[in-house]
Protein chains: 2
Amino acid sequence: MNLSPAARAVFVELLVHGPLSRAEVARRLELSPSVLTKLTRPLLAEGFLVEEPGPAGVPGRPSVPLRVEPARRAYAGVKLTDSELFAVRTDLGGAVTAEVRLPLEGHEVGRVVGRIAEAVALLPGDEPPAAVGVSLAGPVSRADALVRHSPFLGWREVPLAGLVTAATGLPAVLENDVRALTAAVHWFGAAAGRGTFALVTIGEGLGCGIVVDDRLLVGTAGVSGQIGHLAIDDRGPICERGHRGCARAYLASPSIRRTARAALDRPSLTFEQALDLARRGDPVARRIFDEAGLALGRIVATIANLIGPEVVVLSGEAVHMHEVCEAAFEAALGEHTHWTSEPVEVRVQPFAFTEWARGAAVVALRHDLGVA
Amino acid sequence: MNLSPAARAVFVELLVHGPLSRAEVARRLELSPSVLTKLTRPLLAEGFLVEEPGPAGVPGRPSVPLRVEPARRAYAGVKLTDSELFAVRTDLGGAVTAEVRLPLEGHEVGRVVGRIAEAVALLPGDEPPAAVGVSLAGPVSRADALVRHSPFLGWREVPLAGLVTAATGLPAVLENDVRALTAAVHWFGAAAGRGTFALVTIGEGLGCGIVVDDRLLVGTAGVSGQIGHLAIDDRGPICERGHRGCARAYLASPSIRRTARAALDRPSLTFEQALDLARRGDPVARRIFDEAGLALGRIVATIANLIGPEVVVLSGEAVHMHEVCEAAFEAALGEHTHWTSEPVEVRVQPFAFTEWARGAAVVALRHDLGVA
DNA sequence: GAAGTTTGTTCACCTCATGAATCTTTCTCC
DNA sequence: GGAGAAAGATTCATGAGGTGAACAAACTTC
C-alpha cells in the first residue's frame, strides 16, 4: 500500500480503534490537526477511508468520524496442519468473507505449495487478495521467510514464503501460527485496542503470544511464550517429554483425552465426549477438567505476574472447555496472582476452525500496510 | 540536557555501546553520515564527546572514534530503606565517584526528605549533580512522581520527587528500586548493549526487571516482574503470606535464615553464617542452598521460556550465594528450559552495597538525557 | 440572533534528514 | 614511490513532513 509512516499510523489507528474524527486521531497520535487533513485526503480519495455521520447534540462544529472501508482490499490466509489446509479470505477489517478447506496429500514441499496456490485461487472474491499469509506450528523465521523446522510436516529450513509468491504471483508472508493468531486478536479480536496483553491458546498444544506496547514479543532466536512445559505440580500426570505435572500434561487436549481414557477405562473416548461427561457431572471427568482449570489459572497468573498485561485472552480449539472448568480456573488465578495486585482481566475468544487461517490473513494485512 | 531526538539517540548509542566512529553510529541508527557531522559537532564543542585515536592498519580514511566524556556531568542517586539511606554520585558513564550512608531517624516524610537533601549535599564533587534519582521498594508511579505505597516507611501517595526538588533545588526523579537497578544493568552493567534481557534480584525479597527491545517493561498499573510468590513446590517451606513452597520461601535471605535456624537449631544464625556452613560442606546448609538454587533455576527458566531474553542477569544483596548453589541452579535451569531451546545465558552481576543507589543515579541520568 | 465552542482547512514557515559531490587520509598494488 | 582504491568525514542544495497561526464552518447555548 506504500504509506508514509505518519499515514500508516493514522490508518492503523482508524482500523483498530474504529471510527474516529480527524481531531481525535490527531490527539491520540500527538499530531497537529492540520496534518490530518493532508494525510486523510488521499486515503479518502482512493476509497480506503469514508466519512460517517457524526454525533449530534454537542457544542462546536460537528466532528466527521472517519472509518476504514473494509471491502476496499482483501487478503488470504492459509494455515497448514499435518493433514489439511485451511484458507480464508478476509477484508481490511479482518472479517472472514470466504473459506476453503483442502486435504494435503503428502508433505512434499512442492505438493503443499501447489495446494496452497490452489486454495488461494479457490477463494471466491472480486479481486485477487493483496497478499497471502501462511502460518503453521513450530519455529518460523519471519524475516527470512523461512520455516525453520516443522515437526509434523518433516520440514527443515524451507523458504516457504518465496515458494508461495512464485506459485501465486502474490506477496507472501510467513508466520508462526500462535503469533499470527496473536496479531488477529490484537487488532480485531478480544484484545482489540489493548497495548499490552497475552494470548493463551489451548488445543493440541499450548501456545502463548505476548504483545507489549503494541509490539509482538519475538524473543531471542524467535522463541517466546513457551508455556507448554511450565511445571505445575511435581506429582501430576506425565507429558510426552517425561515431565511430571507440566502444563501440557494437564491441559493439552490429547493429554486430557489420554487421562480420561485411562481413568474411565474407555479406550476410545474422545476429548469432546470427556468434556460432555464433565458437563453432566461425571465425577472423574469433572476432576480432570477441574485440574486442567487449576493448571490454566496458574499459567495465566504466572504470565500476569511477570508481564503485567491489561488482559489475558484465551483461545484455541479447546477453549470451550473453559466454561466447564471456570470455577477451578478462577480459584487458581486468584490464588497465584501476586497479593498486591488484582487478578488480571481474562477474556475468552470463541474459537472457530477458521481462526488460525484468519490469523495468517491478518499477518498478510499487516505486511501489506507495512507494519513490522 | 535538551537534546533533539536524533542527537539523543546518537549520544545514548555512544554512551552505552562505547567509542564508535561517526560512520559506525550512522550505520547502527540508520542515519546518513552527513547528519552525524552536524549532530556531533555541538556535543564535541560542549565537551560531552571527545575524539579518540582510531584503529590503524585498515584501508580508507581512518575512523575517529567518539567517546562520551564521563566527567562532563554528574548525577546523584539515593536509595531508601527502612533504617538508612544510601547516596552515590556518579558520572555520565554510571561510575560511582562518591558515596554517603546516613541513618534515617523516623519515617516522617519531611525528615526523610531533609535527610535526602543532606546526603546529596554531602556528596563531594566540583559541580552540583544535574539531577537526583530516588529509589525505594514498592509501587511507585514514575509519571506522577508519586510513592504509591511504601510498606516499610508506612507511606501512601507521597509526592516524593516534588519534595526532593523543593529541598535540593535539583530536578528529581522517582523510581522503583528494582526498575532503577534494571536501568543501570541495561546501560552500564552485565546487560550493557543487550536489547532484551531480564534482571533477577535476590536479597530481602525477590525482584525482577524486564527489558524488551531496549524498553523497560512497566506493566498495567506499574506492576510487572512479580516473581516473589511464583509457586515452586506445593510441599516446600511456607512464606509470610502462607504459600507453601513459593519462590520467596526458598530464596529470600530472611526465609533461608529462618529455615537454617530451624533446621540447625541455632536461633541466632545469620544468613552469611548459613552460607558459610554450606560452603564448608555442612549437609543441612548445603541442602537449603541447593533447594534455593533449584528454585532460582526454575524461576530463570520460566522467565526465559516466556520472554526469550538474550541474557538473564542475577544481582541483589544475596547474589553471592549463587556460587554455592550453582550446580543445583544449572540443573534446574536446564531441566525447566523448554526442550526446543538452549538454556538462556546467565550472568552474575556482583553486588556492592551502593548498587541500588547507583541504579537511582542512572534513572536520574536517563531523565536528564530525556530517555523515557 | 449573538456568543461561544469545537472541527476542519489553508498556508507560510521551519526543522531535520537526505543524497550527491567533494575532500581527507590511509592502505595496497604495481 | 606513485597511482589508485577505500573508507570516513564534510559541505550544501534539496525536499519531505511537520507546526502554528489564522480562518472558515457548523453546531449549541443563552
L29(A) CG to dT19(D) C1', straight-line distance once rounded to whole Å: 16 Å

Heavy-atom closest pair, residues E310(A) and V344(A): O-CG2, 4.1 Å

Out of dA9(D), dA26(D), dT19(D), whichever nucleotide has its closest atom nearest the side chain of P62(A): dA26(D)

Nearest-neighbour nucleotide for the R41(B) side chain, dT10(D), dT19(D), dG8(D) considered: dT10(D)

Whole angstrom value for the distance that separates P of dC12(D) from NZ of K38(B): 12 Å

Side-chain N,O (R27(A)) to OP1/OP2 (dT7(C)) below 4.0 Å: yes

Length of the line joining E52(A):CD and dT7(C):P, which is rounded to integer Å: 17 Å

First of G60(A) and L36(A) reached from the 5' end of DNA chain C, by closest nucleotide: G60(A)

Worked verdict on V88(A) versus Y75(A) for side-chain contact (heavy atoms from CB on, under 4.5 Å): CA-CA 8 Å; V88(A) 298; Y75(A) 301 93; over 6 Å; no

Parallel, tilted or perpendicular: ring planes of F197(A) versus H186(A), cut at 30 and 60 degrees: tilted

Rounded interatomic separation in angstrom, taking CD from E24(A) and C1' from dT7(C): 12 Å

Spacing of L44(B) atom CG relative to dT10(D) atom P, expressed in whole Å: 9 Å

Any R22(B) side-chain N or O less than 4.0 Å from OP1/OP2 of dA7(D): no

Side chain of V64(B) - closest among dG8(C), dG18(D), dA9(D): dA9(D)

Exceeds 12 heavy-atom contacts within 6.0 angstrom, atom CD of E127(B): no

Given DNA chain C, 5'-ward residue of the pair P59(A) and E51(A), judged by closest heavy atom: P59(A)

Whole angstrom value for the distance that separates P of dG8(D) from CZ of R28(B): 13 Å

Any donor-acceptor N/O pair under 3.5 Å between dT6(C) base and R61(A) side chain: no

Value in whole Å for how far the C1' atom of dC16(C) lies from CZ of R8(B): 15 Å

Polar side-chain contact S34(A)-dG8(C) base: donor and acceptor under 3.5 Å: no

Sugar-phosphate only, base, or nothing, as touched by T37(A) at under 4.0 Å among non-hydrogen atoms: base

Sugar-phosphate, base or nothing in reach of E30(B), heavy atoms under 4.0 Å: sugar-phosphate

Short side-chain to backbone donor-acceptor contact, R72(B) and E46(B), under 3.5 Å: yes

Side chain of P33(A) - closest among dT18(C), dT9(C), dT7(C): dT9(C)

